[in-house]
Undergrad: 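The following block contains the structure, expressed as structure tokens.
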Amino acid sequence: MNQHSRRNARAIAITKADESRTQKILALTYTAAAVLTAAAVIGLSTLGSF
């Protein structure tokens, strides 16, 4: 492999790693938002039953 091909391969690998990290962060964010939303709905329904 020449230098240009190696550089391109490395850039692609870094990009894929960044995309994977971003997807994990988004998944965690959406999971946290879903949990907080569910807790809020349960909390509101509990308050409404008084």
Undergrad: Please round to the nearest 0.5 Å and tell me the distance separating atom CG of N8 and atom NE2 of H4.
TA: 4.0 Å
Undergrad: Could you list the donor-acceptor pairs under 3.5 angstrom formed by side chains in residues 31-44, with sequence neighbours left out?
TA:
unit_1	atom_1	unit_2	atom_2	d
T31	OG1	A27	O	2.8
T37	OG1	A33	O	2.7

Undergrad: Show me, pair by pair, the donor-acceptor contacts under 3.5 angstrom made by side chains of residues 14-23, not counting sequence neighbours?
TA:
unit_1	atom_1	unit_2	atom_2	d
T15	OG1	A11	O	2.8
D18	OD1	R21	NH1	3.0
T22	OG1	D18	O	2.8

Undergrad: Mind checking salt bridge (Lys or Arg N to Asp or Glu O under 4.0 Å) for R10 and listing every partner two or more places apart, or none if nothing turns up?
TA: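 Not a single residue meets the salt bridge (Lys or Arg N to Asp or Glu O under 4.0 Å) criterion with R10.
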